[in-house]
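Since this is a predicted model, take the numbers as computed values, not measurements. Residue numbers start at 1 and run along the sequence shown.
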Amino acid sequence: MTGSRRVLKASVTAAAVVAATLGFAGTADAAGSCSGSLIDTYNVTGDYSPYTGQYVGQVRLYWDGTNNCAIFTKSGGPLYGVTTSMSIKLMASTSPERSDTDSGNFSQYAGPVTVAAAGKCVRWEGSIVYNGRTVAYDSIGWQHCG
């Protein structure tokens, strides 16, 4: 990781507030859905002009009793509908570590990615690259253990 690329802070937001604010619904939601219940959301902000400090997407984490699932969406952000390089990786604290990654050129979201994580912790990493610049790179440490 270069000095010009830094890890951004993720802010946890209540699901109801996010749903009301972003209005995430329709085709992208149906196509990129996870089974189970939404257990956490993480807003991702941009690191480079003109997106510095601006909301650019959200990672949504789900749990179905056996598996965790994550989707990284650009819904409600300035790059929603614009094809960019995106990735989402979900990891479980198993030995060896289990992970699932989705990366490519997407206009709305990356994922879903799923890992079996009953009794384990999970963490994720996600990025958006636009015009050759890393607009956002974000991650969390191990969370949702058990």
Side-chain angles (χ1 to χ4, degrees), residues 1 5-48 51-131 133-146:
M1 189 177 302
R5 187 172 149 186
R6 61 183 176 203
V7 177
L8 302 173
K9 295 180 182 177
S11 61
V12 179
T13 307
V17 172
V18 171
T21 304
L22 299 178
F24 187 72
T27 319
D29 192 26
S33 62
C34 288
S35 63
S37 300
L38 179 66
I39 59 170
D40 231 330
T41 57
Y42 305 88
N43 288 342
V44 178
T45 56
D47 192 26
Y48 292 104
Y51 307 108
T52 306
Q54 185 177 359
Y55 170 91
V56 294
Q58 183 180 77
V59 173
R60 297 184 179 146
L61 185 63
Y62 296 81
W63 171 250
D64 70 5
T66 303
N67 298 304
N68 279 98
C69 181
I71 297 171
F72 186 9
T73 177
K74 295 187 284 185
S75 180
L79 295 173
Y80 183 77
V82 177
T83 299
T84 64
S85 175
M86 287 184 77
S87 69
I88 181 73
K89 180 178 183 181
L90 183 62
M91 295 147 280
S93 61
T94 56
S95 182
E97 183 181 274
R98 282 187 219 128
S99 66
D100 188 14
T101 303
D102 186 29
S103 62
N105 295 315
F106 305 113
S107 63
Q108 298 175 0
Y109 61 89
V113 290
T114 305
V115 293
K120 303 297 178 188
C121 303
V122 294
R123 69 185 187 100
W124 60 263
E125 298 173 354
S127 67
I128 299 174
V129 177
Y130 181 57
N131 286 339
R133 297 184 85 182
T134 301
V135 173
Y137 171 84
D138 217 337
S139 64
I140 61 163
W142 296 110
Q143 294 187 355
H144 297 288
C145 303

Worksheet item: Does some side-chain heavy atom of Tyr51 sit less than 4.5 Å from a side-chain heavy atom of Leu79?
Response: yes

Discussion item. Counting C-beta onward and ignoring hydrogens, is there a side-chain heavy-atom pair between Cys34 and Arg60 closer than 4.5 Å?
Written reply: no

Using 0.5 Å steps for rounding, measure from the [atom1] atom of [X] to the [atom2] atom of [Y].
X	Y	atom1	atom2	answer
Tyr62	Leu38	OH	CG	5.0 Å
Ser139	Arg123	OG	CZ	7.0 Å
Ile39	Gln143	CD1	CD	9.5 Å

Discussion item. Test your reading of the model: is there a side-chain donor-acceptor pair from Asp47 to the backbone of Val135, 3.5 Å cut-off?
Written reply: no

Worksheet item: With no hydrogens and no angle check, is any side-chain donor or acceptor of Asp102 less than 3.5 Å from a backbone partner on Gly111?
Response: yes

Give the minimum heavy-atom separation between [X] and [Y], together with the two atoms involved.
X	Y	result
Val122	Ala117	CG1-CB, 3.6 Å
Thr73	Tyr109	CA-CB, 3.8 Å
Lys74	Ser107	CE-O, 3.4 Å
Phe106	Gly104	CE1-N, 3.3 Å
Ala70	Val59	CB-CG1, 4.5 Å

Worksheet item: Hey, mind stepping through Asp40 and His144 against side-chain hydrogen bond (donor to acceptor under 3.5 Å, both in side chains) and telling me if it holds?
Response: CA-CA 9 Å; Asp40 231 330; His144 297 288; 2.6 Å; yes

Fill in: disulfide (SG to SG under 2.5 Å) contacts touching residues 82-113 (sequence neighbours left out)
none

Would you mind writing out the side-chain donor-acceptor pairs for residues 85-100 within the sub-3.5 Å range, not counting sequence neighbours?
residue	atom	partner	partner atom	Å
Ser87	OG	Ser127	OG	2.9
Ser93	OG	Cys121	N	2.9
Ser93	OG	Cys121	O	3.4
Thr94	OG1	Pro96	O	2.7
Thr94	OG1	Arg98	N	2.9
Arg98	NH1	Ala116	O	2.5
Asp100	OD2	Thr114	N	2.9

Worksheet entry | Plane angle bin for Trp124 and Phe72 - parallel if under 30°, tilted between 30 and 60°, otherwise perpendicular | tilted

Worksheet entry | Pair Tyr42-Asp138, side-chain contact (heavy atoms from CB on, under 4.5 Å): steps then yes or no | CA-CA 9 Å; Tyr42 305 88; Asp138 217 337; over 6 Å; no

